[in-house]
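Every value quoted in this text rests on a predicted model; they were computed, and no experiment measured them. Below, read A as the first sequence line, B as the second, and so on, with proteins coming before strands; counting in each chain starts at 1.
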2 protein chains.
Amino acid sequence: MFSKACEYGIRAALFIAQESLNGQRVSLKAITAEIDSPDAFTAKILQLLARNEIIVSTKGPNGGFEIDKKKIDNIMLSEIVDAVDGDSIYKGCGLGLKECNADKPCPLHNRFVLVRNDLKKMLEGTSLFELATGLETGLTFLKR
Amino acid sequence: MFSKACEYGIRAALFIAQESLNGQRVSLKAITAEIDSPDAFTAKILQLLARNEIIVSTKGPNGGFEIDKKKIDNIMLSEIVDAVDGDSIYKGCGLGLKECNADKPCPLHNRFVLVRNDLKKMLEGTSLFELATGLETGLTFLKR
DNA sequence: TTAAATTCGGATAGATTTGTCTTAAATAGA
DNA sequence: TCTATTTAAGACAAATCTATCCGAATTTAA
Ligand code: FES
Ligand code: FES
């Protein structure tokens, strides 16, 4: 469904959001320990999220990653997925035709767009804040 | 969403179904011309579908691929996806945890399973026959 | 029986994704 | 200013996915 990079990206963003809500900036090490992901690869993804202004990175001692508190309930999963995986999941044809086109549709088109749009709406309608609360209350987990 | 192999597999199966409904067996060449896919790679996928008894292959002159007419409205897309891509799309965690587990869910679990189950139901509820009719009437297309 | 047509299977190659390593740059604090 | 800490960036490596190549096996038909 999502690439590994995207999975790590979402999990990392959720942890950063959770800690940012508590006023804490977190280091790369803390993130990869929390979400159980490869250090250097995760660092690349965090750079990408920082370049897309989804997270803020700070170098030097006590540096790390954080998210503007005020933005956390305004950052939707769709933004992260789009930054990491692009928009193919929202726009692509289910059977791999070069583009999804209702005027010359593949046989699966009508059924596929229903599911694809549901996924899109779910991602567009879910903020980091909503998911971070479940983490904070211990109801959900970022590794296992 | 699906792998390239799976996309080719579904498109190939649909073309074979359409031709089988017309009593025609089709060669690899005819298939790859119709769905615009790489020959040798497509051949591998067809072998896989044949081993999974979704299609029937015949060697020799006038050989090729076909599907038992009586089975066509009974073969669901889910079988093809499962044969080619496995069941990760039905069972996998959206955030990449080793397994999806409602007892220790990831933050996206509740929302993700809704979409994933819709996708699963769509694939389980769609037969080759249903999609092949759209092809036959010229309403849908396997390449563009 | 021979030749041609066709799929099968294994080896190989290319492309993409995933992951690592090393050095540079920035920053805080002694 | 010096040093330790931390992220940034680019080169590299490994794994996986996609695609190709070639010879073997099977079958039809002359
Ligand atoms: S054309 Fe295939 S999903 Fe729209
Ligand atoms: S645990 Fe992540 S989707 Fe179910």
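No continuous path of ILVMFWY side-chain contacts below 4.5 Å connects B:Ile89 to B:Val113, so the two sit in separate hydrophobic clusters.
Remark: P of D:dA19 and CG of B:Leu46 are 14 Å apart, rounded to the nearest angstrom. Per the geometry, CD belonging to B:Glu7 stands 10 Å off P belonging to D:dA19, to the nearest Å. For the pair B:Leu48 CG and D:dT18 P, the computed distance is 13 Å after rounding to whole Å.
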Checklist entry - For nucleotides 12-24 of chain C, read 5' to 3', which letter fits each nucleotide if B means a protein heavy atom sits under 4.0 Å from the base, S means only the sugar-phosphate is that close, and - means neither? => result ------SBBB---
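A donor-acceptor contact closer than 3.5 angstrom links the side chains of A:Ser37 and A:Thr42.
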Next on the checklist: Does A:Glu7 form a salt bridge (Lys or Arg N to Asp or Glu O under 4.0 Å) with A:Lys4? I'd like the steps, not just the answer.
Outcome noted: CA-CA 5 Å; A:Glu7 292 171 354; A:Lys4 272 295 173 197; 3.3 Å; yes
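OP1 or OP2 of C:dG9 lies within a sub-4.0 Å distance of a side-chain N or O belonging to B:Gln47. OP1 and OP2 of C:dT6 both lie 4.0 Å or more from every side-chain N or O belonging to B:Thr58.
Take the nearest nucleotide of DNA chain C for B:Gly63 and for A:Gly60: the residue whose nucleotide is more 5' is B:Gly63. Where B:Asn62 and B:Arg51 each meet DNA chain C at their nearest nucleotide, the meeting point lying more 5' is that of B:Asn62.
The closest donor-acceptor contact from the side chain of A:Arg25 to the backbone of A:Gly64 lies at 3.5 Å or more, if one exists at all. With hydrogens and angles ignored, the 3.5 Å screen pairs no side-chain donor or acceptor of A:Thr126 with any backbone N or O of A:Leu123. With hydrogens and angles disregarded, no donor-acceptor distance shorter than 3.5 Å links the side chain of A:Asp39 to the backbone of A:Thr32. Proximity of a side-chain donor or acceptor of B:Arg144 to a complementary backbone N or O of A:Cys100 within less than 3.5 Å is not detected.
At a threshold of 4.0 Å, the pair B:Lys71-B:Glu79 does not count as salt-bridged, since none of the basic side-chain nitrogens sits closer than that to a carboxylate oxygen.
At a non-hydrogen distance threshold of 4.0 Å, nothing from residues 20-31 of chain A comes into contact with DNA chain C.
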